2 protein chains.
Amino acid sequence: MVNLTDVARRSGFSVMTASRVMSGRGPVSAAAREAVLTAAAELGYVPNGVARGLRSSRTGVVALIISDIENPFYASMAKAAEQALAQRQLRLTISSSGEDTERELELLRAVHAMRADALLITPTTGNGPVLTQLAEGGMPIVQLDRVVPDLELRRVLLDNAGAARQAVTHLADHGHRRIALVSGPQSITTGAERVAGARRAAAERGLELEVFEAASYLHEGSRDAVAAALEWAPTGLVSGNGIVLEACLDVLVERSVRVPDALSLVGFDDLPWMRWTAAPITTVRQSVSSMTAAAVEMLFADPGDGGIERRFAGELVVRASVADHRE
Amino acid sequence: MVNLTDVARRSGFSVMTASRVMSGRGPVSAAAREAVLTAAAELGYVPNGVARGLRSSRTGVVALIISDIENPFYASMAKAAEQALAQRQLRLTISSSGEDTERELELLRAVHAMRADALLITPTTGNGPVLTQLAEGGMPIVQLDRVVPDLELRRVLLDNAGAARQAVTHLADHGHRRIALVSGPQSITTGAERVAGARRAAAERGLELEVFEAASYLHEGSRDAVAAALEWAPTGLVSGNGIVLEACLDVLVERSVRVPDALSLVGFDDLPWMRWTAAPITTVRQSVSSMTAAAVEMLFADPGDGGIERRFAGELVVRASVADHRE
DNA sequence: CTGAAAGCGCTTACAG
DNA sequence: CTGAAAGCGCTTACAG
């Protein structure tokens, strides 16, 4: 395989000058630049990023650790991250923890071993110490979507309480007074904050609100909570996240519960198919791409700048899954 | 940052022995193993994968180049690839070409620069020469889902013709005799093969089949083809891929065309939401995870073994989007 | 089973 | 603007 030495030899300049031309750093004469470039082209030279990474201790890759790439919410995050990083000439490597702290620990070790330049993570709650250790080792880290409680690491989050409030308020505005919230696990900050926001909104409006907590962040862990919520016989149901919404639809379709006639529904997150259900789904959208872009920006900003946390507002998208129960 | 030399010094053994212990290769005494391991643990040593990669010329990362991570079909592929590679202690790095040959070329250069151990790609048609060059440079490459025509590189594909035949035959079996196929661009092999399979099935059954080709692999490029297909007034419509299906649903919902009363529909690919549409969608499923696992296996198999190509059959999933028009 | 030496392909730091 | 030397942190190849 052709290396810099080959290019230098052919160009008639030193390895150092060839390096300066190929990396684009440092002063070079026009003549040197041209000689090196044509030599490189003739030889089909492609710089060895591994050697570059070893010597310069900048690998040019940023790691993203998410829960599950098959979840559209995280897929959007991955796409947005790739785009934001491409603008900075950085590459992205993605891996999935499956909400498993042990697996996440392995992934963090791998990120460390590969000497990634930075890390974006939607963390489980268990690896705070390792994250701290990585951060102290000099790796820029930003938490996205959720946080490890009591960890002083920067983060970009949805205004979860406000988003849940919008969902509850929308139902209240349409005359609903008995509302179920099927939430994700409250051990995860998104779940806890959304429940708190919904509870506060319900209290202010004098509504009955009952919370049904999914056993896990996975599909199967959500079905029982949905079933329990239906048994409580609410007129309106809020799905606390995208996975719960999917479980809701499965259960509702299986039981032929008609939306919004028999039950009004407000979802979380916004996906194309929500327009195609029998009743298009009213939902709280979060701007994943803006949030991810902000996280990437935060990664490379001065750690002192802009504070430790940035919150984005959710946006209620009104479609047809909420019935009007006002007299 | 702590390195092997630190570990070796603390353990009382040489760097070479420490290396053997940490990498798990080569003979070491139990005493040496233990001394090195405890030294490593005490120092919090994490091997430098970059240095390892430079010296051993195996980086342990496999690249996956797809069209768009936000497309669920490719997201499934990414997940399956990550899982299959994790079993071999390999990491995955994913990047998206957006169906753009220029962008894909940059990504191929990046894959080359990072000295990935292998490459999985759903190629555009334009970079055959570069792929050949990479392969000749010794990189194992497997094409997934589609191929660059006339490129002698290994591949794992759907039996596209057979899958399209199943869709058409299913409609014919239900009495449909005027069938539209909205296909993806025929410049991509999946599009061309599916059209050929559908045409052959239609000819055998003596059906009217009209093909409407999407202008691109993106959502917007598909809407016009869908509109044209509707104008032709078929009783049954086959969507040639997942993106086209999405465009179909958008157009059908906008125009209030009822499925299956006014039009029968057969989709491609299978996603959870297809169970939740007003009429659950009958579709041809492909086993993305099996295909991807096979591709990973092929990557590390002897190039002489098992031939250049492996095909997987599609599976028709019958739901409720096809009306029975038999007398 | 163990180790001293060389080197992977670059870039850093220093001179000129 | 240009270059000779050293070194990033490992593993390979060779001895013993």
Side-chain angles (χ1 to χ4, degrees), chain A residues 1-37 39-40 43-61 89 109-110 112-117 137-139, chain B residues 1-37 39-40 43-61 89 109-110 112-117 137-139:
Chain A
M1 192 132 266
V2 23
N3 61 24
L4 238 204
T5 309
D6 301 327
V7 173
R9 192 172 3 242
R10 184 177 189 107
S11 74
F13 285 84
S14 71
V15 172
M16 198 49 244
T17 298
S19 167
R20 281 194 265 256
V21 172
M22 295 313 299
S23 66
R25 334 171 148 270
V28 225
S29 66
R33 167 175 310 283
E34 197 185 312
V36 170
L37 253 20
L43 295 172
Y45 172 68
V46 176
N48 185 326
V50 180
R52 211 174 239 186
L54 176 60
R55 186 62 250 237
S56 68
S57 48
R58 284 180 298 103
T59 52
V61 353
Q89 320 273 43
R109 294 259 175 260
H112 187 175
M114 74 193 289
R115 302 303 195 258
D117 286 351
M139 184 175 294
Chain B
M1 193 133 266
V2 22
N3 61 23
L4 240 204
T5 308
D6 301 327
V7 173
R9 192 173 1 243
R10 184 176 191 108
S11 73
F13 285 84
S14 72
V15 171
M16 197 49 245
T17 297
S19 167
R20 281 195 264 258
V21 172
M22 296 314 299
S23 66
R25 337 171 150 268
V28 224
S29 66
R33 167 176 310 283
E34 196 186 313
V36 171
L37 252 21
L43 295 171
Y45 173 66
V46 177
N48 185 326
V50 180
R52 211 174 239 185
L54 177 59
R55 186 62 250 240
S56 68
S57 48
R58 284 181 299 101
T59 52
V61 354
Q89 319 274 42
R109 294 257 174 262
H112 188 174
M114 75 191 291
R115 302 302 195 259
D117 286 350
M139 186 176 294

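Only heavy atoms go into these numbers, but all of them, side chains included; no hydrogens, no water, no symmetry mates. Throughout, protein chains are lettered first and strands after them, A, B, ... in sequence-line order, and every chain is numbered starting at 1. What you see is a predicted model; the values in this text were computed from it and never measured.
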Atom pairs and distances, side-chain donor-acceptor, residues 46-55 of chain B, under 3.5 Å, sequence neighbours left out:
unit_1	atom_1	unit_2	atom_2	d
B/N48	OD1	B/V50	N	2.8
B/N48	OD1	B/A51	N	3.1

With a 3.5 Å distance limit and no angle check, can you tell me whether B/N3 reaches the backbone of B/D6 through a side-chain donor-acceptor pair?
yes
Side chain to side chain contact (heavy atoms under 4.5 Å, CB included), that's the test. Do A/M22 and A/L37 meet it? Break it down for me.
CA-CA 8 Å; A/M22 295 313 299; A/L37 253 20; 4.2 Å; yes
Might you point out which heavy atoms bring B/R33 and B/V21 nearest each other, and give the distance in Å?
CA-CG2, 3.8 Å
Counting side-chain heavy atoms from CB outward, which of D/dG9, C/dG9, D/dC1 is closest to A/S29?
D/dC1
Please encode protein proximity along nucleotides 11-16 of chain C as a string of B, S and -, counting only heavy-atom distances under 4.0 Å.
BBB---
Grab the CZ-P distance between A/F13 and D/dC1 for me, whole Å please.
12 Å
Shortest non-hydrogen pair, B/V2 vs B/L43, comes out as CG1-O, 3.5 Å
OH of B/Y45 to CE of B/M1, rounded to nearest 0.5 Å, is 11.0 Å
Spacing between A/R9 atom CZ and C/dG9 atom C1', to the nearest angstrom:
13 Å
Rounded off to whole Å, could you give me the CE-to-C1' distance for the A/M114 and D/dG9 pair?
17 Å
For DNA chain D, which consecutive runs of 3 or more Watson-Crick or G-U pairs (each distance under 3.5 Å) count as stems?
C:1-3 with D:14-16, C:5-12 with D:5-12, C:14-16 with D:1-3
Within less than 4.0 Å of OP1 or OP2 of D/dG3, is there a side-chain N or O belonging to A/T17?
yes
D/dG9 P sits how many Å from B/Y45 OH, rounded?
10 Å
Give me the atom names and distance for the closest heavy-atom approach of A/M114 to A/V61.
CE-CG2, 3.7 Å
What integer distance in Å separates B/D6:CG from D/dG9:P?
9 Å
Ignoring backbone atoms, test whether A/N3 places a side-chain nitrogen or oxygen under 4.0 Å from the OP1 or OP2 oxygen of C/dG9.
yes
Check: B/S11 side chain, B/A39 main-chain N or O, donor-acceptor pair, under 3.5 Å:
no
Which heavy atom of A/A35 sits nearest a heavy atom of A/F13, and at what distance?
CB-CE1, 3.8 Å
